[in-house]
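Here's the structure, in structure tokens; my notes come after.
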Amino acid sequence: MNALGEFAPYLVLILVGFLPSEVWRMLGVVAARGIAEDSELIVWVRAVATAILAGVVAKLVIFAPGALATMPLAVRLVAMAAGVAAFLALRRSVFAGVATGVGVLVMGTLAFGG
Amino acid sequence: MSPPPAGKKPSSPAAAFVAGLKAATTSVFTFVIIGTYISIGALGHDFGFSVLWVVLSTLLMWAGPAQVIIITALGAGAPPAEVALAVGLSGVRLMPMVVALLPILKTPATRNWELVLPAHFTAASMWVEALRLAPRVPRAARIGLINGLGTAFMAAAVISSIAGFYLARSLPVLLAGALLFLTPISFLVSTVRNSRQLADRLALVIGLVLAPLFTLADIGLDLMWTGLVGGTGAYLIHRVRQATR
């Protein structure tokens with residue numbers, strides 16, 4: 001194996017992984033200059049960020065990667081809903097919500113096959 | 001390094017950094033990160049990457065969903081240009097997060113280079129916790145706090161990804177699936193918690209619905225459109241409600 005062959009995966013990581021994500025953060029640093037914390041612009045920007053984050057959540061659950069894809073879609077969706085319901089019911093505890101969601105996912109998969 | 005000012009107050013940068021490290025020990029996200037990165041380490045092992053590569057991907061990329069994309073796509077032999085596009089699209093969300101976070105951390109004396117590290121630490125888990133914790137401390141202590149929190153989160157992620165890499169062969173499918181589920185469920189529940197304004201709540205609901213529809217419609221750049229359409233729609237409804245009140 002030549003030197004390039006050995007370093008190729010790391011070069012790919014920088015070009016394909018690091019730069020395409022980091023560029024957004026640095027653009028954020030530039031764009032945040034001179035914006036006040038309580039401005040209307042920040043309310044809009046936060047709504048955009050929240051919508052994208054919600055989109056990431058929905059895509060990870062519906063078009064699931066790896067081992068999660070072997071679990072039934074209906075079980076994944078019910079587990080998400082159960083997690084939010086538990087969070088709201090149990091004194092707004094994030095831990096309770098996450099634990100309930102994962103518990104429902106595991107039990108649902110055991111009951112309805114994976 | 002500038003010399004420490006005479007008569008240090010408890011809110012020195014170092015004390016704020018330590019407070020950030022401590023905040024991580026009681027954050028639910030530390031557990032979420034441990035579980036998520038065990039699954040990412042195992043995924044990296046299964047797709048034939050080295051443990052060093054997986055660790056570097058965590059330090060450099062620091063975004064769980066993007067790391068899942070790069071590992072599964074490169075590992076399956078997708079063309080690097082296509083993978084770069086997918087990673088770049090999933091990274092779009094980082095920009096509004098940084099823009100929303102930095103004004104909370106800045107003081108008039110803050111210089112731009114001091115914001116580079118908090119920006120690099122910005123990922124969904126970090127952002128959600130930063131929005132919750134930063135307003136609770138004096139403004140001058142916020143950057144130190146956030147850097148401490150980010151350092152602790154990243155350290156937990158690195159250690160967990162190494163553990164996951166070596167556990168990969170003995171990880172049952174059920175457990176691996178449950179670990180991958182930690183990212184979406186924790187993002188969802190904590191975003192529900194942090195959404196106090198109408199605009200945020202609407203953005204959450206609209207985003208959940210729009211993203212799968214845009215993906216199925218195969219319009220491309222689906223997350224970016226979800227953000228722009230969903231976020232703007234939520235913001236406009238919030239404005240109309242305010243105006244009519």
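Just so we're clear, the structure is a prediction, and the values are computed from it rather than from any experiment. In what follows, every heavy atom counts, from backbone to side chain, and hydrogens, waters and symmetry copies are set aside. In the text below, chain A, chain B and the rest are named by the order of the sequence lines, each starting its count at 1.
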Against chain A, label [X] side chain, backbone, both or neither, depending on which of its atoms sit under 4.5 Å from a heavy atom there.
X        : answer
B:Ile104 : both
B:Gln67  : neither
B:Trp225 : neither
B:Leu85  : neither
B:Arg201 : neither
B:Ala176 : both

Once rounded to the nearest 0.5 Å, what's the spacing between atom [atom1] of [X] and atom [atom2] of [Y]?
X        : Y        : atom1 : atom2 : answer
A:Leu19  : B:Leu60  : CG    : CG    : 9.0 Å
B:Met95  : A:Ser21  : CE    : OG    : 15.0 Å
B:Ile70  : A:Leu13  : CD1   : CG    : 5.5 Å
B:Arg239 : A:Glu40  : CZ    : CD    : 4.5 Å
B:Ser57  : A:Phe18  : OG    : CZ    : 12.5 Å
B:Phe181 : A:Thr109 : CZ    : OG1   : 9.0 Å

So which of [options] has the biggest tally of heavy-atom pairs under 4.5 Å with chain A?
options                                : answer
B:Asp222, B:Val128, B:Val68            : B:Asp222
B:Ile206, B:Val87, B:Leu228, B:Asp200  : B:Asp200
B:Leu43, B:Asn112, B:Leu182, B:Thr183  : B:Asn112
B:Thr191, B:Leu115, B:Val173, B:Leu174 : B:Leu174
B:Gly88, B:Ala63, B:Gly35              : B:Gly88
B:Thr226, B:Leu101, B:Leu223, B:Leu59  : B:Leu223

Please report the closest heavy-atom contact between [X] and [Y], naming both atoms and the distance.
X        : Y        : value
A:Ile42  : B:Ala100 : CD1-CA, 4.0 Å
B:Pro212 : A:Ala58  : CG-CB, 3.7 Å
B:Val192 : A:Arg92  : O-NH2, 3.8 Å
A:Leu68  : B:Leu180 : N-CD1, 3.9 Å
A:Ala54  : B:Leu204 : CB-O, 3.2 Å
A:Val48  : B:Pro96  : CG1-CG, 4.4 Å

Of the backbone (N, CA, C, O) and the side chain (C-beta and beyond), which part of [X] lies under 4.5 Å from a heavy atom of chain B, both, or neither?
X        : result
A:Ile14  : side chain
A:Ala79  : both
A:Leu105 : side chain
A:Ile62  : side chain

Between [X] and [Y], is there a donor-acceptor pair closer than 3.5 Å when you use the side chain of the first and the backbone of the second?
X        : Y        : result
A:Arg25  : B:Thr122 : yes
A:Trp24  : B:Arg93  : no
B:Lys106 : A:Ala32  : yes

I'd like to know which of A:Val61, A:Leu15, A:Val56, A:Val12 tops the heavy-atom pair count under 4.5 Å against chain B.
A:Val56
Do B:Leu216 and A:Phe63 pass the side chain to side chain contact (heavy atoms under 4.5 Å, CB included) test, and can you show the C-alpha distance, the side-chain angles, and the key distance before you say yes or no?
CA-CA 10 Å; B:Leu216 289 173; A:Phe63 315 102; 3.8 Å; yes
Between B:Ser50 and A:Tyr10, is there a side-chain donor-acceptor contact under 3.5 Å, judged purely by atom types and distance?
yes
Any side-chain heavy atom of [X] within less than 4.5 Å of one from [Y]?
X        : Y        : value
A:Val29  : B:Val99  : no
A:Arg46  : B:Leu131 : yes
B:Val116 : A:Met26  : yes
B:Met97  : A:Ile52  : no
A:Leu60  : B:Pro65  : yes

Enclosure of B:Phe31 CZ (heavy-atom neighbours >12, cutoff 6.0 Å)
no
Test side chain to side chain contact (heavy atoms under 4.5 Å, CB included) applied to A:Trp44 and B:His238, step by step
CA-CA 10 Å; A:Trp44 173 71; B:His238 149 87; over 6 Å; no
